[in-house]
Amino acid sequence: MELEMRLRKSYGPFRLDADFCVKGERIGIFGESGSGKSTLIGMLAGLVEPDDGTICLDGETLYSRSGGVHIPAERRRIAMVFQQPSLFPHLSVRNNLLYGYRRCSPQHRRVAFEPLVQVLKLEELLDRGVNNLSGGEQQRVAIGRAVLASPRLLIMDEPLSALDDDLKFQIIPYLTGVCGRFGIPFLFISHSLLEMRLMADTVLMFDKGLLVEQGSPDELARRRMGHSPSGYINLFRLGRPVGNNGLHTFAWGDRLLLISAAPKSEAGLYELSSRDIILFKQHPEAISARNLLRGRVVSTFESSGKTGVELACGDDRLIAEVVHEAAVELDIRTGVELFAAVKASSFRPLG
Amino acid sequence: MELEMRLRKSYGPFRLDADFCVKGERIGIFGESGSGKSTLIGMLAGLVEPDDGTICLDGETLYSRSGGVHIPAERRRIAMVFQQPSLFPHLSVRNNLLYGYRRCSPQHRRVAFEPLVQVLKLEELLDRGVNNLSGGEQQRVAIGRAVLASPRLLIMDEPLSALDDDLKFQIIPYLTGVCGRFGIPFLFISHSLLEMRLMADTVLMFDKGLLVEQGSPDELARRRMGHSPSGYINLFRLGRPVGNNGLHTFAWGDRLLLISAAPKSEAGLYELSSRDIILFKQHPEAISARNLLRGRVVSTFESSGKTGVELACGDDRLIAEVVHEAAVELDIRTGVELFAAVKASSFRPLG
Amino acid sequence: MSIFSPTDLDAIGLSTKVALVATLVSLPFGFVMAYVMTFRRFRGKVLLEVAVNLPLTLPPVVIGYLLLLLLGKNGWLGHLLDQAGIRIIFTWQAAVVASAVVGFPLLVRSIRIGMESIDQRLIHASRTLGARWYDTLFTVIVPLSLQGILAGSSLMFARSLGEFGATIIVAGNIPGVTQTIPLAIFDYVNSPDGERMALALCMTAIVLSLLVLFLHEHFGRKLARRD
Amino acid sequence: MSIFSPTDLDAIGLSTKVALVATLVSLPFGFVMAYVMTFRRFRGKVLLEVAVNLPLTLPPVVIGYLLLLLLGKNGWLGHLLDQAGIRIIFTWQAAVVASAVVGFPLLVRSIRIGMESIDQRLIHASRTLGARWYDTLFTVIVPLSLQGILAGSSLMFARSLGEFGATIIVAGNIPGVTQTIPLAIFDYVNSPDGERMALALCMTAIVLSLLVLFLHEHFGRKLARRD
Amino acid sequence: DINLSAAASLKEVLNDLGEGYTRTHAGVNVLRNFGGSGALAKQIENGAPADIFISAGQDWLDYLVGKKLIDKASIGILARNVLVFVGDGRVKVNGMQDLPKLKRIAIGSPKSVPAGEYAMQAMEHAFLTPDIARKLVMAKDVRACLMYAERGEVDGAFVYKTDTRLVKRARTMFTVPQGLYSPISYPMGLTPAGAQKKDAVVFYRYLQSAPARKVLARYGFILGKE
Ligand SMILES: Nc1ncnc2c1ncn2[C@@H]1O[C@H](COP(=O)(O)OP(=O)(O)OP(=O)(O)O)[C@@H](O)[C@H]1O
Ligand SMILES: Nc1ncnc2c1ncn2[C@@H]1O[C@H](COP(=O)(O)OP(=O)(O)OP(=O)(O)O)[C@@H](O)[C@H]1O
Ligand SMILES: [Mg+2]
Ligand SMILES: [Mg+2]
């Protein structure tokens with residue numbers, strides 16, 4: 001998907017000035033409360049009329065003030081999960097879910113009803129109305145409704161905010177999976193850098209109505225490493241475990257990783273925060289950390305007063321984070337060899 | 001505050017069966033989507049009529065079916081932040097905020113308007129209506145409205161879900177501060193163990209309408225340590241930094257802690273996850289971690305296949321988490337001396 | 001019900017028919033008008049609004065005269081209909097027209113109040129899910145303004161049962177043909193000894209509207225937001 | 001406006017006064033009735049509902065007669081008032097009563113439709129913030145049903161302007177004293193050469209209700225949800 | 001003030017008489033209330049202020065007399081009227097016998113409008129009823145009959161002679177023979193309250209005086225003997 005938005009929209013003192021072009025199937029929008037995220041996607045979906053500008057999606061102009069183009073929302077095939085659930089109060093859960101599905105022409109229908117309902121744990125609610133659902137239940141129905149419309153772009157405004165972690169991490173792989181399998185690009189808003197890292201390829205960061213950063217969540221994460229409470233997230237795709245004696249053993253390049261949490265799927269996707277890596281100059285003896293990886297520093301970078309250390313471990317890369325003082329003391333610079341200690345419990349299974 | 005709830009409430013197949021007594025000023029409720037949390041607090045606030053049972057708050061019976069007691073919601077002085085903002089659409093932000101304030105008799109009024117508005121970053125919105133506020137703005141108004149009612153109990157249903165981390169961690173210390181200072185006990189629902197740890201003294205955990213665990217978030221956290229992605233959270237109250245050369249230096253008992261993040265208030269409250277601690281049998285040389293603390297194991301415990309290690313460092317306690325294998329290898333048992341390495345960046349400032 | 005004469009029974013039947021037909025016929029127009037007034041912006045909206053509300057402001061007799069001018073032999077619509085071999089004046093259809101015109105503003109207003117409280121976000125949601133405007137109309141707006149539609153219909157039905165002034169002018173007061181309950185009552189109260197019968201007919205009208213009210217409450221409850 | 005005779009001007013003034021007073025006097029009652037119907041559950045609710053809607057179902061003439069029976073010197077209310085030295089029949093107050101009774105169901109229904117769409121959660125919110133029921137009533141329910149109240153008031157005002165059947169019975173048709181616009185129109189259409197004047201009076205009524213409509217739209221927009 | 005309650009068909013002439021009277025009797029105000037005779041009678045019965053009641057038929061006066069609300073001694077007749085048949089002249093109608101040629105005929109609703117009742121009497125006595133019944137359009141009052149005729153909605157209508165004074169398009173086809181229906185009169189009386197009121201009694205007498213009769217005649221009323 002290629003999305004180009006050059007838009008202006010004012011609400012009293014608030015001024016949104018978007019001017020970007022972004023490519024990718026999984027786009028995240030990040031920004032503090034009131035920075036204009038919902039307004040931006042409202043314009044993309046065709047629900048909010050911009051003051052001026054253009055919107056192009058995959059080469060098709062959806063809106064152009066000067067060109068007099070304004071494709072109405074219902075013909076954009078952009079489904080939306082709103083910040084408030086906004087379910088149809090007169091319809092059952094089932095009919096809410098099927099609302100967009102039924103309106104999608106059969107050749108575009110790609111998402112099946114049953115499996116989605118299972119992932120969203122909505123089986124038992126199908127014949128209920130939506131007005132007395134719990135907050136999380138409502139949010140799940142809203143997600144399902146939008147996904148079942150098999151849109152050409154799925155927009156989600158904080159879709160996971162009312163969900164507990166377990167459910168959230170069950171829904172995320174499903175969402176990314178379905179969207180990936182059926183080629184539904186998505187664009188979502190979240191306040192969680194973790195969700196961003198898990199779901200987005202590209203992140204747009206807004207502040208006070210302006211795009212302040214654009215890049216891969218990796219870049220964003222590197223830049224925000226020092227600032228964010230979870231540092232930089234290293235991602236590992238480890239496949240099937242090669243052994244299991246209390247801990248799960250995985251091949252990672254020519255090394256082995258020992259991980260305590262079981263993988264959630266065959267993909268064996270794990271994350272590791274840069275903060276959870278401790279670097280040693282020499283091999284430490286008798287350490288509680290189960291993984292000790294030798295690596296060579298290939299680059300260092302600065303972020304909010306922290307030093308990011310990119311280590312090459314075979315063909316793979318690992319980013320660790322240390323404070324300046326430590327960087328100086330350990331004499332960390334490109335080319336140096338270091339040991340990285342990682343606890344087996346620091347790896348978090350994602351999907 | 002002492003709260004006793006012995007209640008039954010059914011909604012079709014869903015059955016809530018609460019039977020507990022809890023003491024404390026800061027109570028958290030935890031549980032997956034649809035487990036009956038909102039229903040429970042609805043009954044406490046007097047908005048949902050139980051099928052049967054009693055509710056006692058500080059010795060006063062608020063509801064008793066057999067006793068024929070049913071104090072109406074408006075006389076319970078229990079303010080509520082709802083899961084959906086539910087702001088008054090016809091009032092300005094200011095008048096929404098002041099709605100409960102004005103209805104609170106002056107001798108009960110304890111919370112001041114101005115500082116609250118500042119913490120919630122609502123200064124510029126005061127004279128706007130509430131219908132076009134962003135999601136996070138609405139949630140902040142809802143929090144402010146409830147707090148300003150100076151209630152005798154404040155109930156919050158996922159009050160921080162729509163807020164970005166920065167704002168969240170600014171609001172939390174304020175909320176706990178105000179409630180602590182003015183003796184307003186609160187009870188809140190959250191899906192975040194971190195928020196629980198930061199805000200609650202006691203946590204009630206619900207599953208499918210039943211109370212399955214009750215205890216301090218510490219106990220809960222120990223028990224859920226292995227399960228939770230952030231492990232067990234160690235809390236540090238460090239006061240003012242005693243030095244600063246690149247890193248902030250704090251006295252902790254008779255030791256020094258080096259921390260990269262600046263304290264957020266004079267209290268110097270920091271958290272440290274059990275996962276961020278690496279244990280060594282011997283003193284490791286040249287390590288990137290800035291803090292190396294020697295301690296004696298005073299206890300160990302099991303949680304979801306992990307071993308929790310409680311270390312005594314002088315008079316203070318530190319809980320680290322290792323996998324079994326490591327526990328065996330390092331020969332961790334009560335009485336043994338170990339080194340705990342903690343990175344300066346692993347400490348997160350709270351308030 | 002032996003107290004009623006055959007022409008009274010005719011009146012009761014006719015009134016029911018007229019009120020029913022007037023309500024049913026007006027419904028789609030009333031709905032469209034309410035929709036237009038609520039969701040569209042255009043010039044001359046106020047004029048349209050005034051036109052719709054006219055039958056409320058003007059005394060029914062005047063409405064009757066105006067309708068006569070319009071539908072009569074020499075009226076432009078009446079003339080057209082005449083050429084098509086249709087005569088409206090002095091038939092029960094005229095009573096329907098009179099009732100419809102007089103009750104229309106009530107219908108429109110009720111539906112509008114209901115429509116105005118529909119959450120805009122639901123309309124947005126349906127649009128992003130691919131519903132064209134007519135689709136949104138039938139699957140979101142109609143169901144969510146059903147309360148207003150029902151309320152409006154029962155108002156209109158009741159109003160039609162009581163419609164007198166305009167009806168008597170355009171339909172005449174022909175027993176067994178165009179005499180509705182109010183016209184029959186009018187005849188009875190104008191005879192010195194007709195009071196009892198007038199009262200009996202009033203009761204009948206009340207019972208009829210009671211029925212409609214029950215239906216309304218019944219459906220209203222059924223069709224209200226699902227749980 | 002030299003085309004109008006002094007009694008016509010009286011009629012215009014009187015009509016305005018009657019419609020205004022009828023609307024204002026009915027408002028609190030209409031609101032309370034709507035509130036009770038919407039938020040309370042009790043036995044005999046349907047009976048009350050029927051009673052409120054009666055004036056709609058019955059032809060205005062009948063209402064007029066019933067009011068005459070109630071307020072006349074032999075009626076129980078009229079008797080009481082008589083002893084207090086108050087006579088209502090054939091005064092402009094009688095016209096107010098007639099208009100109020102006939103317009104009441106419209107007012108109640110409009111307010112109800114508005115009230116029924118109030119989000120229950122807002123009422124809950126106000127209660128948890130310490131508002132007693134009357135407080136919630138005035139600070140939440142009234143403002144949020146303002147659209148319905150306004151719509152109902154303007155419906156009622158318009159209906160009052162057009163009220164004829166009941167008024168002519170209880171207030172009489174006395175030029176300069178109880179002759180409202182519809183009664184004056186009635187007189188004019190009953191004179192062979194009165195058509196022009198009847199039309200002029202109709203226009204006046206239309207203009208009056210136009211004014212109310214504008215006021216309604218104006219306030220409606222102002223009082224609608226704040227931005 | 002004098003409260004006068006009178007049948008609606010007397011509106012113009014009574015306005016004329018009332019205004020004339022007020023001009024010559026400064027300080028006396030005649031409040032005129034026009035309506036259907038039945039409505040007026042019921043109003044008086046329920047305490048509406050009225051000094052003089054003029055009915056369009058005998059029965060409503062009798063009704064009030066029966067309730068002792070009319071001073072029996074004062075009862076008189078204001079004027080009489082005759083029934084005529086008006087039409088637009090497209091079909092030639094010269095008398096009752098021609099009525100079956102017409103398609104639609106307007107009459108006042110016989111139960112509530114006296115003129116309608118007289119018309120029915122006339123048709124009955126002319127042996128027309130059975131086949132003509134289907135052609136009758138019952139109107140609210142005589143004015144409505146006249147209007148239907150004027151606008152061509154009906155082929156003809158039975159109306160009072162006094163009503164035809166200002167018709168434009170329609171014209172009088174024939175006068176219904178007096179023998180076919182009972183005499184049309186406007187009986188009147190003073191209410192007990194009116195009988196006590198000097199001004200009312202004086203005005204009541206004026207209504208029966210020669211100048212008043214002249215005005216009545218001008219409006220087309222028929223005047224019986226004194
Ligand atoms: N219709 C509107 N009228 C006036 N102001 C508006 C309107 N919509 C949004 N705003 C304002 O514009 C700003 C941006 O709003 P927006 O909803 O886009 O924020 P957001 O980034 O989605 O925030 P959040 O994370 O809190 O949902 C806010 O300050 C908001 O109050
Ligand atoms: N009024 C009601 N009628 C019927 N069912 C209800 C009603 N209110 C709640 N429920 C059901 O009861 C269960 C518990 O609901 P509740 O809102 O208490 O959950 P919750 O713990 O707050 O969940 P969440 O975290 O998703 O908000 C849910 O399955 C919900 O669908
Ligand atoms: Mg938003
Ligand atoms: Mg909930």
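Source: prediction; values computed, not measured. FYI, side chains are in, hydrogens and waters are out, and symmetry mates aren't considered; it's all heavy atoms of this structure. First the proteins, then the strands, lettered A, B, ... as listed; each starts at 1.
Residues D:Leu68 and E:Gln43 have side chains in contact (heavy-atom distance under 4.5 Å, counting atoms from C-beta outward).
By number of non-hydrogen pairs under 4.5 angstrom with chain D, the leading residue of E:Glu45, E:Arg32, E:Met147 is E:Arg32. Most heavy-atom pairs under 4.5 Å with chain D, from the set E:Ala39, E:Gly36, E:Ala48, E:Ser5: that is E:Ala48.
Interface residue D:Leu69: backbone and side-chain heavy atoms are both found under 4.5 Å from chain E.
Inspection of non-hydrogen atoms places D:Ile168, D:Ile169 of residues 157-169 of chain D under 4.5 Å from chain E. Annotation: residues 80-104 of chain D contacts chain E through D:Arg87, D:Ile89, D:Phe90 [non-hydrogen atoms, separation under 4.5 Å].
Side chain of E:Asn33 to main chain of D:Gly172: no donor-acceptor pair is present (N/O by atom type, distance under 3.5 Å, no hydrogens or angles).
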For this session: Evaluate the criterion side-chain contact (heavy atoms from CB on, under 4.5 Å) for residue pair E:Asn46 and D:Lys73; output intermediate values, then yes/no.
Result: CA-CA 5 Å; E:Asn46 284 285; D:Lys73 70 169 185 258; 6.0 Å; no
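A 6.0 Å sphere centred on CZ of E:Arg218 holds more than 12 heavy atoms belonging to other residues, nucleotides or ligands.
Note: E:Lys11 NZ to D:Tyr188 OH = 7.0 Å, rounded to the nearest 0.5 Å.
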